[in-house]
J.: 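Please find one structure pasted underneath; my questions will follow.
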Amino acid sequence: MSSYPGRLWRTLGWRRPASVAAWPLHRPPLPELQRPCSHWARPGWAWACRRSLGLGVGVGLGIALTLGLSGGDWIPQSECQSQAEVRQRTPAAGTLETARKAGRDLLQRIKDEVGAPGIVVGVAVDGKEVWSEGLGYADVENRVLCKPDTVMRIASISKPLTMTAIAKLWENGKLDFDAPVQKYVPEFPEKEYEGEKVMITTRLLVSHLSGIRHYEKDVQKIREQKEKEKRQRLVEETAEPKTRQNKKEFEHKEYYIKEKFENISKSLKLFENDPLVFKPGSQFLYSTHAWTLLSAVVERASQQNFLQLMVKLFRDLDMLRTVPDENEPIIYNRARYYVYNEKGRLVNSPYVDCSYKWAGGGFLSTVQDLLKFGNVMLYSYQAGQLRDEHQALLPGYLRPATMRMIWSPVEKTELNWDRDGSYAMGWGVVEQGQEWGQCRQRRRYLSHTGGSVGASSVLVILPRDPPIPSAGPSEAGAPPQGVVIAILCNLQSVSLNATALKIALEFDKVRSLEFSIPTPDADSPMLAGELNTQRAKFQG
C-alpha cells in the first residue's frame with residue numbers, strides 16, 4: 001500500500017498525458033467475471049469514476065485514473081477469481097446459444113445433403129429440455145412445417161421401449177431371461193441347427209444372438225452378406241460415416257406388408273418355421289422378427305395384451321404422444337413420409353402396416369417424448385451412484401443394477417451404426433476408450449437408430465460417468481446428469497447417429513463448463529453469487 005501516493009503523484013504529474021487524453025470518461029464497466037486478480041483485487045474503471053466525481057474535475061480525474069488502475073476498495077483473493085478460472089469458465093463455445101447454433105448447422109447440413117423434406121431435433125441437458133426445433137416440412141403437399149411436437153415413425157427405437165417393459169417384468173419376477181421361449185410361447189416350434197437341438201432364450205433375443213432371420217429369407221445370401229461385411233470392415237472404418245443407409249435393405253418385401261395382423265400369434269407365422277441362420281449364441285444378426293417373438297413372450301409373461309401394456313408404460317413415463325403406428329386413428333401433428341423414386345424425385349412413401357412388428361419397429365413418437373424416455377433411463381442408471389444425501393430421491397423406473405445390466409456390451413455382438421460399439425440388451429453401446437496417446441478418444445454413449453418406410457430416427461444418451469454429487473441441499477448434483485438427443489426425419493435411409501453424436505458433444509461442452517466451476521466456500525459470498533448467476537444462465 002506504500003506505493004499508492006507515489007502512483008497518485010506520478011499520475012497527477014502527467015506521467016502519461018497521451019493515455020489520459022485518449023481514455024473516455026464513461027468507459028462501460030468491465031464484465032463481473034473479468035475483474036483482474038492478484039493477491040488483492042480491486043473494482044473497475046467506471047466504479048472509480050463514480051467515486052471520484054465529487055472531488056473536482058482535475059483531482060477527480062487523477063484519483064479515478066489511480067483507483068481504476070491501481071487502488072480502490074481492495075478485495076481479498078478468497079472473494080475473487082483467478083484469471084485461469086475466468087478463462088476456464090468463459091470459453092467461446094461455452095454457451096447454450098453457441099451449442100444451438102452449432103447443432104442447427106449440423107442438422108441443416110445433413111438435411112441438405114440427403115434432401116430430407118423435414119427433420120426434428122430435441123436436446124435435454126441434465127434432465128431439462130434446452131433445445132427442440134423442426135426444419136423443413138412435415139407435409140410437403142400442404143406446406144405444414146416441422147415442429148417439436150411433430151409425430152413421426154421412430155422405427156427401431158421401439159426396441160429400447162420394449163426392452164424397458166421386458167426389464168420391468170424381469171425385476172418383478174415374472175420373466176426369466178434364461179428360460180427357453182417355449183415356456184411362454186409353447187406354440188413356437190423348437191429349433192434345430194445342423195441336426196442338433198438348440199435353445200432360444202429371451203436373453204439371446206434381446207441381443208440379436210438368436211439366429212432368427214431379419215427380412216432376408218435366403219439363409220445362404222445372409223451368410224454371404226455377413227462374410228462380405230467382414231472383408232469390408234477395415235475399409236469402412238477408415239471412411240467417413242455414411243449419411244445414406246444401404247438402399248438394398250428396403251428391397252425386402254416384408255418391409256411393405258399391408259396386411260393388418262389381429263394378434264402377435266399370427267405375426268409369428270411369418271418366420272416361425274424358417275431355419276436358423278446360425279447356432280443361437282454363436283453370432284450376431286440384427287433381427288426385428290426376433291423382437292416380434294419377444295412381444296409374444298412379454299404378452300404371456302404379463303398376462304396382458306402387448307399394446308395395452310406398452311400404452312400403460314408410456315403413460316407412466318409421461319410419453320403421452322407415443323402411440324402405435326396405426327393408420328385409422330386421427331393422430332394430431334402426424335407427419336407424412338417420403339422416399340426418392342428411381343428418377344430421383346421426392347414422392348410419398350407407399351402405405352404399410354406395422355402390426356406385424358410392434359415391439360421392434362411399430363411406434364410413433366415425438367422428440368420431446370423421446371427426451372423424456374432418455375432422461376428416465378439416465379435417472380434410473382444414476383440414481384444409485386450418488387452420496388448419502390441423495391438417498392431420499394425417488395427411485396428410478398428401473399433399478400440401477402438393471403440399467404447397468406441392459407447397458408453393458410454383450411460378447412459376440414456388433415453395432416451396425418457405429419463400428420466402435422457393441423449391442424447390449426435392446427441398446428447399442430460404445431464404451432469409453434483410447435488406443436493411442438494424444439489421439440482420438442471414444443466417449444461412452446448409448447444409442448439406437450431406426451429405419452422404416454419413409455422415416456429415419458436416432459436416440460443418443462451421453463451420460464456423465466460417474467455423476468457429480470451435490471455439495472449441499474440443492475439438486476445441482478441430482479440425476480439425471482448427461483445429454484440426451486433425439487432426431488426424427490420423414491425420409492427413409494438416412495443415417496443420423498454420427499450427426500446426433502456431434503450435436504450431443506456440443507451440448508456436453510456447455511454442461512462440462514458448469515461443473516468445472518469450483519464449489520464456493522462458505523466465506524466466499526462473491527464467488528457463490530457468481531456461481532449461482534452462471535448456473536442460472538446455463539439453466540435458461
J.: Does NZ or CZ of R153 lie under 6.0 Å from the centre of the six-membered ring of Y337, at an angle within 45° of the ring axis?
T.: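 Yes, a cation-pi geometry holds between R153 and Y337.
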J.: If you measure from CG on D418 to OG1 on T449, what distance do you get to the nearest 0.5 Å?
T.: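 Reported to 0.5 Å precision, the distance equals 10.5 Å.
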J.: Excluding sequence neighbours, so at least two apart, what forms side-chain hydrogen bond (donor to acceptor under 3.5 Å, both in side chains) with R399?
T.: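 By the side-chain hydrogen bond (donor to acceptor under 3.5 Å, both in side chains) rule, R399 matches no residue at all.
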J.: Would you please indicate if the ring centroids of F363 and F314 are separated by under 6.0 Å?
T.: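 Ring-ring flag for F363/F314: true, centres closer than 6.0 Å.
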J.: Do D508 and Y445 have side-chain atoms, one donor and one acceptor, less than 3.5 Å apart?
T.: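 No, no side-chain donor-acceptor pair sits under 3.5 Å.
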J.: Going by atom types only, do W131 and E133 share a side-chain donor-acceptor pair under 3.5 Å?
T.: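 Yes, a side-chain donor-acceptor pair sits under 3.5 Å.
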J.: Parallel, tilted or perpendicular: which describes the rings of Y423 and W417, with under 30° parallel and over 60° perpendicular?
T.: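 Y423 vs W417 ring planes: perpendicular.
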J.: Of the non-hydrogen atoms in V185 and R300, which two are nearest, and what is the gap between them?
T.: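 That closest heavy-atom pairing would be CA-NH1, 4.0 Å.
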J.: Quick check, are the ring centers of Y255 and Y215 under 6.0 angstrom apart?
T.: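 Here the rings of Y215 and Y255 have centres that are less than 6.0 Å from each other.
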J.: Assess whether a salt bridge exists between K258 and D353, defined as any Lys/Arg side-chain N lying under 4.0 Å from an Asp/Glu carboxylate O.
T.: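 A salt bridge is absent here (no side-chain N lies under 4.0 Å from a carboxylate O).
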J.: Flag the pair Y381 / W407 as yes when their ring centroid distance falls below 6.0 Å, and as no otherwise.
T.: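 Between Y381 and W407, the centre distance is under 6.0 Å.
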J.: Could you tell me which non-hydrogen atom of P117 sits nearest to which non-hydrogen atom of Y338, and how far apart they are?
T.: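 Here P117 and Y338 meet closest at CG-CD1, 3.6 Å.
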